[in-house]
Amino acid sequence: QTVVSLWEDVLMSERNKLGDELWTVYEQVCIAALDCQRIDISETCIELLKSKFPNSLRVKRLLGMKYEAEERFHKAGDLYDDIIKEDETNMFARKRKVAILKAQNKTLEAIEELNKYLKQFMTDFEAWMELCDLYLAVQDYTKAAFCMEELIMSNPHNHLYHQKFAEIKYTMGDPDNMAIARTYFAQAIKLNPNSVRSLYGCFLASSNLAASSNRKDKQSNIKYAAWAAQQLKEKYTTVQPEDLTNQTRVLESIERVLESLTEKTSN
Amino acid sequence: MAELIVSIQAYCKILLHAVKHPNCAVNGVLLAEDNKSKDRKVLKFVDCVPLFHLTLSLSPMLEAALLQIDAYCKSRGYIIAGYYQANENLRDKELNNVAKTIGRRIQENCANSYIFMVDNERLFPDAVSEMYRIYSPREASWKEEEKLETVTEETLRVASMLLSSQTFREVDVVDFDYHFNDITRDWRNLPINDLLQKCT
């Protein structure tokens with residue numbers, strides 16, 4: 001929105017002063033305009049870019065994005081197919097095809113298309129994340145977990161990947177997956193001790209494991225839960241002002257869960 | 001069938017949360033006055049707490065959030081009685097599986113609960129009707145409640161003003177995603193409550 005208003009108010013009249021940067025600016029304004037549904041501005045930009053760079057694939061993709069914004073998905077799809085024919089390694093056009101399917105809510109087809117893309121471009125991490133989210137949208141947790149595994153393998157030090165993987169395993173619910181979740185949350189905490197999400201994750205996973213009966217490691221799970229709870233309480237008390245903590249009752253909520261665990265063991 | 005009332009605060013916060021993240025799905029819970037001893041026929045939603053805008057469907061963060069909100073509610077005499085969700089796509093107003101699952105969770109705690117599915121296409125300043133469809137639980141699934149008026153003219157006026165005056169751009173809506181990233185950020189959104197007070 002800011003880009004578009006800046007363009008309209010300032011840059012349009014001062015175009016000549018931009019020199020060669022002008023063309024990159026046009027491209028950026030075009031995309032910003034599409035985001036704000038200002039098709040008029042985007043059309044102007046595309047025309048100008050086309051006259052300067054007649055056979056450019058970059059300009060073609062902007063045209064494709066404009067069709068997408070106008071919801072002329074067929075035209076956009078055909079255009080991207082043309083781009084791919086001309087340049088088989090064009091990652092952008094392939095990804096836009098997935099985006100078109102997503103915009104039409106055709107999640108399953110989007111998944112299929114993205115899978116095809118990843119067979120060729122296996123190192124595109126953004127694409128793996130997107131595929132993970134698509135699987136989550138259709139609640140296929142096993143495949144979503146697989147996507148995260150690929151990401152963890154390539155970037156083993158990224159705590160966010162461990163954390164998301166753990167969250168997916170937790171969501172799957174059964175005790176074995178819950179144990180895996182706890183392990184990965186612990187790893188995420190190791191990589192980033194400040195991560196509140198991982199601490200909560202570890203706390204809840206351990207509590208769940210401790211609460212389910214007949215597990216041999218009940219005691220150790222209670223200890224993990226207690227440890228995580230302690231870390232969380234420290235974080236909240238050191239970082240938040242006291243009245244906020246009191247008002248939101250966050251410490252009490254953690255206490256309650258711990259208490260219910262110890263009650264169960266004494267029964 | 002109970003009468004539902006949605007306060008200005010609850011309604012506008014849902015609106016602000018949804019427009020703050022136009023490229024994501026967002027969700028949150030609605031808090032109502034706990035009516036155990038009072039008139040059961042009217043359910044008044046007094047506030048809402050925005051939950052997430054990143055991944056809506058993963059359990060651990062949802063459970064952590066609900067734990068906190070529940071403790072907060074008990075201290076104020078509220079109960080989590082509603083859930084709202086706005087889908088990612090402009091034209092997608094379907095009650096999807098995520099909404100149904102979370103709705104069920106809330107219903108386990110509060111039998112008289114409702115799902116509010118935001119219709120993204122109704123999120124504009126000149127809208128004359130409410131921006132969501134309401135669903136109530138029926139046996140194994142959810143049924144849309146039609147012809148329910150839950151907000152006053154005043155509420156719609158304030159909502160319209162927030163959108164047309166572009167105020168929503170300056171407002172910071174703190175949801176649980178932001179809170180978990182930085183726990184100093186308060187999910188009760190008190191500054192927004194103050195702003196809304198001033199608008200009425």
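So you know, we letter chains A, B, ... as the sequences are listed, proteins then strands, and number each from 1. Side chains are part of it too, since the values below use all heavy atoms of this structure and drop only hydrogens, waters and symmetry mates.
Counted within 6.0 Å of NZ on A/Lys143, heavy atoms from surrounding residues, nucleotides or ligands total 12 or fewer; the atom is thus considered open. No more than 12 heavy atoms of other residues, nucleotides or ligands shown are found within 6.0 angstrom of CD on A/Glu112. Environment of OH in B/Tyr178: crowded, with over 12 heavy atoms of neighbouring residues, nucleotides or ligands closer than 6.0 Å.
Formation of a donor-acceptor pair under 3.5 Å by the A/Thr171 side chain with backbone atoms of B/Ser59 is found in this model.
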> So A/Tyr170 and B/Leu58, side chain to side chain contact (heavy atoms under 4.5 Å, CB included) or not? Walk me through it.
Replying inline: CA-CA 8 Å; A/Tyr170 184 106; B/Leu58 292 176; over 6 Å; no
> Yes or no on side-chain hydrogen bond (donor to acceptor under 3.5 Å, both in side chains) for B/Glu63 and A/Tyr200, after CA distance, side-chain angles and deciding distance?
Replying inline: CA-CA 9 Å; B/Glu63 285 185 24; A/Tyr200 257 117; over 6 Å; no
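With chain B as partner, the option from A/Ile168, A/Leu199, A/Asn208, A/Leu204 having the largest number of non-hydrogen pairs under 4.5 angstrom is A/Leu204. Annotation: maximal heavy-atom pairing with chain A below 4.5 Å, among B/Leu62, B/Asp182, B/Leu67, B/Asn96, occurs at B/Leu67. No other option in A/Met172, A/Gln139, A/Lys235, A/Lys164 has as many heavy-atom pairs under 4.5 Å with chain B as A/Gln139. By number of non-hydrogen pairs under 4.5 angstrom with chain A, the leading residue of B/Asp70, B/Leu190, B/Thr101, B/Asn97 is B/Asn97.
For A/Glu71, the part sitting under 4.5 Å from any heavy atom of chain B is the side chain, from C-beta outward, and nothing else. Neither the backbone nor the side chain of B/Glu94 comes within contact range of chain A; no heavy atom of the residue lies under 4.5 Å from a heavy atom of that chain. Neither the backbone nor the side chain of A/Asn194 comes within less than 4.5 Å of any heavy atom in chain B. Only the side chain of B/Asn89 comes within less than 4.5 Å of a heavy atom of chain A; its backbone N, CA, C and O stay farther away. Proximity to chain A (any heavy atom under 4.5 Å) is restricted, for B/Thr55, to the side chain, taken from C-beta onward.
Using a 4.5 Å heavy-atom cutoff, the side chains of B/Asp177 and A/Arg197 are in contact.
Between B/Phe180 and A/Val196 the shortest heavy-atom distance is O-CB, 3.7 Å.
If you take CD on A/Glu167 and CE on B/Met61, they are separated by 4.5 Å, rounding to the nearest 0.5 Å.
Remark: the A/Asn105 side chain and the B/Arg91 side chain contain no N/O donor-acceptor pair separated by less than 3.5 Å.
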